[in-house]
Amino acid sequence: MPKQKSNGKNNSQYDDLYKIRHSAAHVMAQAVLERYPEAKIAIGPPIKDGFYYDFDLGRNPDGSPRTFTPEDLEAIEKRMRQIIAGKHRFIKRVISADEARELFKDQPYKLELIEGLEKGGVDEYGEPVEGAVEISTYRQDAFEDLCRGPHVEHTGQIPPDAVKLLHVAGAYWRGDENRPMLQRIYGTAWKNKKQLKAYLNRLEEARKRDHRRLGRELDLFSTNHEMVGGGLILWHPKGALMRHLAEEHAKKMHLEGGYEFVYTPHIGRSVLWETSGHLDFYKENMYSPIEIEGQEYYLKPMNCPFHVQIYKSRVRSYRDLPIRFAEWGTVYRFERSGVLHGLTRVRGFTQDDAHLFCAPEQMPEEIDRVLHFSISLLQDFGFERFQLYLSTRPEKRVGEEEKWDAAETALLEALKRSGHPFDINEGDGAFYGPKIDIYVEDALERPWQLSTIQFDFNLPERFDLTYVGADGAQHRPYMIHRALMGSMERFFGVLIEHFGGIFPVWITPVQVAVIPITHEQNDYAAGVAARLRDAGLRVTMDDSNDRMNAKIRNAQLQKIPYMLVIGGREVEQQTVNVRLRNGRRLGAMSVEEFIVLAREACEKREVI
RNA sequence: GCCGACGUAGCUCAAUCGGCAGAGCAGCGGUUUUGUAAACCGCCGGUUAAGGGUUCGAGUCCCUUCGUCGGCUCCA
């Protein structure tokens, strides 16, 4: 995963919002110090949508860390508005390291930052900077903070009605879980009240689209921590149907793309995982072994060793290559309890996994193919914006330099040819090979990692994979590990949030609700439903005692794309009256006309 | 795992200072037959997450455990 630029200065380095947020953070720190004079202050950068500041409030008499209360937040926010109203100037001062140490002698975290600044090379947030580092402070009112700036001219330029403190969270100093946990206050700040309101609306919109909420409302999936366990997903019929439709499509694409499907077991002997290196490098993410007849078996966290064994089951010739083994492989990985989240972070999941084995000269084309395949598959599901990342060789790595050179070049060239924007994360590759990650941007412009395409120089060596070349000699194949949707669970979480439950017609679990107005029309309506089912549409027939209005409401809440209202007039004219879930009414048409309409929406993968 | 907030019916939420566990929706039974987002009546539904403690009395206060949520860390 690419490192999120935490200070939000990627594009608009020192724009107005940056200054407002950065200044708001200082004002908040002042307010906190006034309330808790003994508090130690850490860092307070602007971030995407706002800012935060980390504090160490010391300990309670009983030794537990002192924390902020909701009342604190209110009082701090109130005091911030007073400071803002004071129109205090932000005054910059460039000082020496010794002066800084004297100024912040009671602030141990600042002293540590000064230490780093003096050494140079990194800024106060620990990010690399070029050239010598100048130590500076900014003061507003009676509060002076170690800071490189920039800030607004005076506190009055922070719009008081566009600032809001959001919540408190624990955060480790310097992001290191072995160091003290600080109290972080998150806030948001904008140029004006309207922007703040729009942001809060966006949060509310995101809340409504939360896949955990929609999963329950649309009856797609559930979890049951008491009886089943955390991070383990129960797919309900409607969710399972959607997954089936998605898999059906993706599997067809894989077959057309030259992949061969394999099935492999969920457990394997310890020697397999010793050989693959998983027990050396991945053990903390694997579950305890199961003992069978004195042998230890491990639940698989990955499918690769099994695919490698299939490769090794016979002598491979260069004529066989490339070999592309694909499997919807269910894997289990231990995740710490605090990180589990709905469908997007789970302990058991099914990857659309595949492993490509090819000769060196075939490698560039394989990369091109898999990159195109991935983007085009994601486009089929309605994703339109992609951000690609190339992760290059890390310091600790296996494999020969020539292989890294060739693989990185192939990945880079393929990225350039793809026409999609990409960034390079130097040194962020796995120890066993470089990789491309594909992020999709959802309807709320949030990035989600789905695809990953990874070289593997490790397993071919460890398992001594070979093929016989045209020269009759043994050669080592290249191996590429790839998952396009990533995992079915995560993919569905993202899909649900992207569409907010308003799915494209082809994949939506119930496409049509047939709604007779009175019992008089039940027979005709049942006939219509049967004809639609014969035409391959997924239909529900609402012959309950509810009024038509209630039937429509229920269909709307289930986000069913088409509602066919049938009253006396429709029976008489042998038609259906079509209402779309967006409220549009298409009026009366024949059943045949409707079938053509709905089929077209499926073929074109329309949302309607 | 760590910090914080929280945990009451399937869902959303009430319950004054520690004093009879309640409502809407959903479900079930009936009545109603209605023209584009909620008809009406009735019934069912609870070990207040679990366990312990304080108290005449605990949903409410205290402790432990589990879980959820927001972050942090992690996501070879």
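These figures come from a predicted structure and were not determined experimentally. Convention: sequence-line order gives letters A, B, ...; per-chain numbering from 1.
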Do any pairs count as a salt bridge (Lys or Arg N to Asp or Glu O under 4.0 Å) and have a residue in residues 339-357 of chain A, sequence neighbours left out, and if so which ones? A:E335-A:R345
Distance between P atoms of B:U55 and B:A50 (Å, rounded): 23 Å
Taking the C1' atom of each, how far is B:C20 from B:A58, in whole Å? 14 Å
Counterpart residues, ring pair (Phe, Tyr, Trp, His ring centres under 6.0 Å), relative to A:F457 (two or more places apart): A:W404, A:F455
Give every residue pair that meets the ring-ring contact (aromatic ring centres under 6.0 Å, His included) criterion with at least one member in residues 540-572 of chain A, sequence neighbours excluded. A:Y562-A:F594
With nearest nucleotides of RNA chain B determined for A:A430 and A:H167 from heavy-atom distances, which residue corresponds to the more 5′ nucleotide? A:H167
Counting only side-chain N and O atoms of A:R216, is one of them less than 4.0 Å from OP1 or OP2 of B:U12? yes
Report yes or no: is the cationic atom of A:R21 (NZ for Lys, CZ for Arg) closer than 6.0 Å to the six-membered ring centre of A:F51, at no more than 45° off its axis? no
Please classify the nucleic acid contact of A:G175 as base, sugar-phosphate, or nothing, using heavy-atom distances under 4.0 Å. sugar-phosphate
A:F281 vs A:F431 side-chain heavy atoms within contact, under 4.5 Å: yes
Would you call A:D210 and A:R212 a salt bridge, taking side-chain N to carboxylate O under 4.0 Å as the test? yes
Rounded to whole Å, CE of A:M181 lies from P of B:G70 at a distance of 16 Å
On a whole-Å scale, what distance lies between the C1' atoms belonging to B:C69 and B:G27? 28 Å
Measure the CG-CG distance between A:L411 and A:L388 for me, rounded to the nearest 0.5 Å. 10.5 Å
Base, sugar-phosphate or nothing for A:R212? Non-hydrogen atoms, less than 4.0 Å. sugar-phosphate
Distance in angstrom units between A:Y53 OH and B:G71 C1', rounded: 19 Å
With heavy-atom distances below 4.5 Å as the criterion, would you say the side chains of A:L279 and A:M286 are in contact? yes
If you measure from the P atom in B:C25 to the same atom in B:A39, how many Å do you get, rounded? 11 Å
Using whole Å, what does the distance between atom P of nucleotide B:G70 and atom CZ of A:R213 come to? 13 Å
Given the C1' atoms of B:C28 and B:G10, what is the spacing between them in whole Å? 14 Å
Could you check whether the side chain of A:Y172 and the base of B:G1 have a donor-acceptor pair of N or O atoms closer than 3.5 Å, going by distance alone? yes
Measure from CD on A:E284 to C1' on B:U73 and round the result to the nearest Å. 14 Å
Any donor-acceptor N or O pair under 3.5 Å, side chains A:T392, A:E426: yes
Would you call the rings of A:Y53 and A:F55 parallel, tilted or perpendicular if under 30° counts as parallel and over 60° as perpendicular? parallel
Over 60° means perpendicular and under 30° means parallel, so classify the ring planes of A:H266 and A:Y332, tilted if in between. tilted
When you compare B:A38 with B:A26, how far apart are their C1' atoms, in angstrom units rounded to a whole number? 13 Å
Between A:Y52 and B:G71, is there a contact of a side-chain N or O with OP1 or OP2 at under 4.0 Å? no
For nucleotides 62-64 of chain B, list the nitrogen or oxygen atoms of the protein found under 3.5 Å from its nitrogen or oxygen atoms, one pair per line.
none

Considering only NZ, NE, NH1 and NH2 on the basic side and carboxylate oxygens on the acidic side, decide whether A:R569 and A:E572 come within less than 4.0 Å. no
What's A:A169 touching, base or sugar-phosphate or nothing? Going by heavy atoms closer than 4.0 Å. base
In whole Å, what is the span from the CG atom of A:L220 to the C1' atom of B:C11? 16 Å
Protein-proximity profile, nucleotides 34-41 of chain B, B/S/- by nucleotide at the 4.0 Å heavy-atom cutoff, equals BBBBBS--
Does a side-chain N-to-carboxylate-O contact under 4.0 Å join A:E489 and A:R333? no
Would you indicate whether the side-chain heavy atoms of A:M485 and A:W328 approach each other to under 4.5 Å? yes
Tell whether A:R345 reaches the base of B:C74 with its side chain through a donor-acceptor pair below 3.5 angstrom. yes
Reading RNA chain B 5' to 3', how would its secondary structure be written in dot-bracket notation, given Watson-Crick and G-U pairs with both distances under 3.5 Å, brackets [ ] for crossing pairs and | for partners on other strands? (((((((..((((.....[..)))).(((((.......))))).....(((((..]....))))))))))))....
Nearest-Å distance, CD (A:E217) to C1' (B:C25)? 12 Å
Taking all non-hydrogen atoms of both residues into account, name the closest pair between A:R538 and A:P509 and its distance. NE-O, 3.1 Å
May I ask you to test the A:E570-A:L564 pair for a side-chain heavy-atom distance under 4.5 Å? no
When you measure from every atom of RNA chain B, which of residues 329-337 of chain A have a heavy atom less than 4.0 Å away? A:R336, A:S337
Where does B:C17 land, syn or anti, given syn is within 90° of 0? syn
Let me know the distance between CG of A:L165 and P of B:G71, rounded to the nearest Å. 16 Å
Between A:N285 and A:F68, name the one whose nearest nucleotide on RNA chain B is closer to the 5' end. A:F68
Residue list, side-chain hydrogen bond (donor to acceptor under 3.5 Å, both in side chains) with A:K559, at least two apart or on another chain: none
Salt bridge (Lys or Arg N to Asp or Glu O under 4.0 Å) against A:R209, all qualifying residues, sequence neighbours excluded: A:E205
Please check if atom CG in A:N224 has more than 12 non-hydrogen atoms from other residues, nucleotides or ligands closer than 6.0 Å. yes
Provide the distance between the two P atoms, one in B:G24 and one in B:U64, to the nearest whole Å. 39 Å
What distance, rounded to whole Å, do you find between the two P atoms, one in B:G46 and one in B:U36? 40 Å
Protein-to-nucleotide contact annotation, 5' to 3' order, nucleotides 44-49 of chain B [B base; S sugar-phosphate only; - none; under 4.0 Å, heavy atom]: ------
Side-chain N or O of A:H341 versus OP1/OP2 of B:C69: is the shortest distance under 4.0 Å? no
Hey, does A:Y172 have a side-chain heavy atom less than 4.5 Å from the side chain of A:R179? no
At 4.0 Å (heavy atoms only), tell me whether A:M302 reaches a base, stays on the sugar-phosphate, or touches nothing. base
Quick one, which residues of residues 268-281 of chain A touch RNA chain B with a heavy atom under 4.0 Å? A:H278, A:F281
Atom pair distance, as rounded to whole Å: CG in A:D219 and P in B:A26: 16 Å
Using the test side-chain hydrogen bond (donor to acceptor under 3.5 Å, both in side chains), find all partners of A:T518 that sit at least two apart in sequence or belong to another chain. A:Q521
